[in-house]
Student: 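Handing you a structure now.
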There are 2 protein chains.
Amino acid sequence: MWSTRLLVLGLVRWLGPVHGYLVRRELDSWRLPGVSEIGAGSIYHALKRLTADGAIEVVGTESVDARPARTTYRITASGETEFQRTLREKLWEVSASDDPFHTAWTFAQVLTPAENIAMLRQRAETLYGRVEMVTQVLASTTSDFKEANEEAFLPAHARAMIKRQADLWAVDAEWCEDTAGRIESGDLVLEPDLDADHAKYWRESISSDRFVERVAMFREGLES
Amino acid sequence: MWSTRLLVLGLVRWLGPVHGYLVRRELDSWRLPGVSEIGAGSIYHALKRLTADGAIEVVGTESVDARPARTTYRITASGETEFQRTLREKLWEVSASDDPFHTAWTFAQVLTPAENIAMLRQRAETLYGRVEMVTQVLASTTSDFKEANEEAFLPAHARAMIKRQADLWAVDAEWCEDTAGRIESGDLVLEPDLDADHAKYWRESISSDRFVERVAMFREGLES
DNA sequence: GTGTATATAGTCAAAGTTGAACAAGGAAAC
DNA sequence: GTTTCCTTGTTCAACTTTGACTATATACAC
């Protein structure tokens, strides 16, 4: 995934000479919960790959006490170029995101309406809880470095990013409540699971070119 | 990733006896653009893994003409159990999603304010474009199977899923416009890239337990 | 008629991800 | 005072993903 590479490269660039463990702690602490995380192994792998590619270089290997030796890295000129290029590329392109709920909901009609309603309401509550939490974080911090006691400092772009996440969680929660209500009221009727006729129809539709063409048109429209 | 496994298992379950290529076509056509896709190799890999685990089984291998032989699979009782369990697990848990923009925006302060404004405005436009597109799709289809010309049929839960995606894209777009405006008006001031003092402060904060503790508290709150 | 593209069906090597495991020191628990 | 857990820093094997490639048949253009 480019995101691991970009994050690790960006952190090595930003933190100056660093060893893998600091990058790892950085990532662990920085990233919002509910936003996907990067495993320890991936970070070390990325560091090695970036080194092999000449984007970063080894500064040295120190051994404090009898602790495991640690290798320190620094960004190179070619790494700086790659970073600037990749960053712009990824910010400008509106790329696909991997949404686990979207995937799972594909099979929503397998659950009973009652179970779906319970699930959606619970999800909405969890999401509203998150919104409240990050709202409090925003309220208890400031982007003004000078005025603040240092502990309350949170950079402006990080605050903006958190705000975005809160907005996204909030509409997601609203959608959940709305959808639960629509199932309850009978406005939204989920096809029963494995209805023989419909399943047969779908099997045929999927194979048919008619269907594939319609979807293709739809996709082209979106990509243009 | 569990999502590949769940999708492939669910499709084998739903489509009845199928071969890999049909599952692949299915996934290609079904999934919304802007929502992550699954590579061809992953599908065949998942089919083999599921077979090895006893969740699905080989029905047979046919050879039509001189085309490549195709293997047909069917879900087993143990696969049905796994499907039901995993599906509920994933629907109920509010799991992390991988958002490429979130990752890239981490380094937003590297771009100039002007570049950020241009990028955000362009992103907003692209997202609004998508919203319009799927809104048209929703308008031109119906979840009523009987009344419709068959081509316009789209199951209710799929329509709901598309609506959710449209809502998410819409707030994302609003956030982009709002943020662009705030940068323009000077309300949102991005820290300049690599300011020596702040970088030093951050390097120290990150290492300090004070910072880690604060983040830990924040995370616990969210997870409870 | 011949080149070019696309649909069918799948394989494979190279790359990336995951999470447990290692090892040793220090802090906290009982 | 010793069992137990956490922190530091990294490695490793097992697993998953990617996407280019193979090979044939058919459709379409020129």
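Computed from heavy atoms alone, side chains included, the values below leave out hydrogens, waters and symmetry copies. Since we're looking at a predicted model, the values are computed, not measured. Each chain gets a letter, A, B and so on, in the order the sequences are listed, and its residues count up from 1.
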Student: Of the listed nucleotides (C:dT11, D:dT16, C:dA15), which one gets closest to any side-chain atom of B:K48?
Tutor: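 Nucleotide nearest to B:K48's side chain: C:dT11.
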Student: Return the angle between end axes of the helix from C:dG1-D:dC30 to C:dC30-D:dG1, with five pairs used per end and rounding to 10°.
Tutor: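 Taking the rotation axis at each end, their angle is 30°.
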Student: Treating B:R159 as the side-chain partner and B:T141 as the backbone partner, does any N or O pair qualify as donor plus acceptor under 3.5 Å?
Tutor: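 Confirmed, B:R159 side chain pairs with B:T141 backbone.
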Student: When you check the phosphate oxygens OP1 and OP2 of C:dT18, does a side-chain N or O of A:S42 lie under 4.0 Å from one of them?
Tutor: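 For C:dT18, OP1 or OP2 has a side-chain N or O of A:S42 closer than 4.0 Å.
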Student: Taking the minimum atom-to-atom distance to the side chain of B:R49, which one of D:dC15, D:dT17, D:dG9 wins?
Tutor: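 Within the option list, the nearest is D:dC15.
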Student: Is a donor on one side and an acceptor on the other found under 3.5 Å between the side chain of A:W169 and the backbone of A:G129?
Tutor: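 Side chain of A:W169 to backbone of A:G129: no pair is present.
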Student: Kindly say if A:R25 contacts the phosphate of D:dT8, meaning a side-chain N or O under 4.0 Å from OP1 or OP2.
Tutor: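 It does, given that an N or O in the side chain of A:R25 lies less than 4.0 Å from OP1 or OP2 of D:dT8.
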Student: OP1 or OP2 of C:dG10 sitting under 4.0 Å from any side-chain N/O of B:Y21?
Tutor: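 So the side chain of B:Y21 is outside the cut-off, no N or O lying under 4.0 Å from OP1 or OP2 of C:dG10.
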Student: Consider the side chain of B:T4, meaning its heavy atoms from C-beta on, and name the nucleotide among D:dT17, D:dT10, C:dA9 that approaches it most closely.
Tutor: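 Closest of the options to the side chain of B:T4: D:dT17.
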Student: Rounded off to whole Å, could you give me the NE2-to-C1' distance for the A:H45 and C:dA14 pair?
Tutor: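 After rounding, the gap between these two atoms is 10 Å.
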Student: Across the strands shown, which category fits A:G20 at heavy-atom distances under 4.0 angstrom: base, sugar-phosphate, nothing?
Tutor: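 Since only primed, P, OP1 and OP2 atoms lie under 4.0 Å of A:G20, the category is sugar-phosphate.
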Student: Counting side-chain heavy atoms from CB outward, which of C:dT18, D:dG9, C:dA9 is closest to A:H19?
Tutor: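 Ranking C:dT18, D:dG9, C:dA9 by closest atom to the A:H19 side chain puts D:dG9 first.
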Student: Salt bridge between B:D172 and B:R130, side-chain N to carboxylate O under 4.0 Å?
Tutor: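 No.
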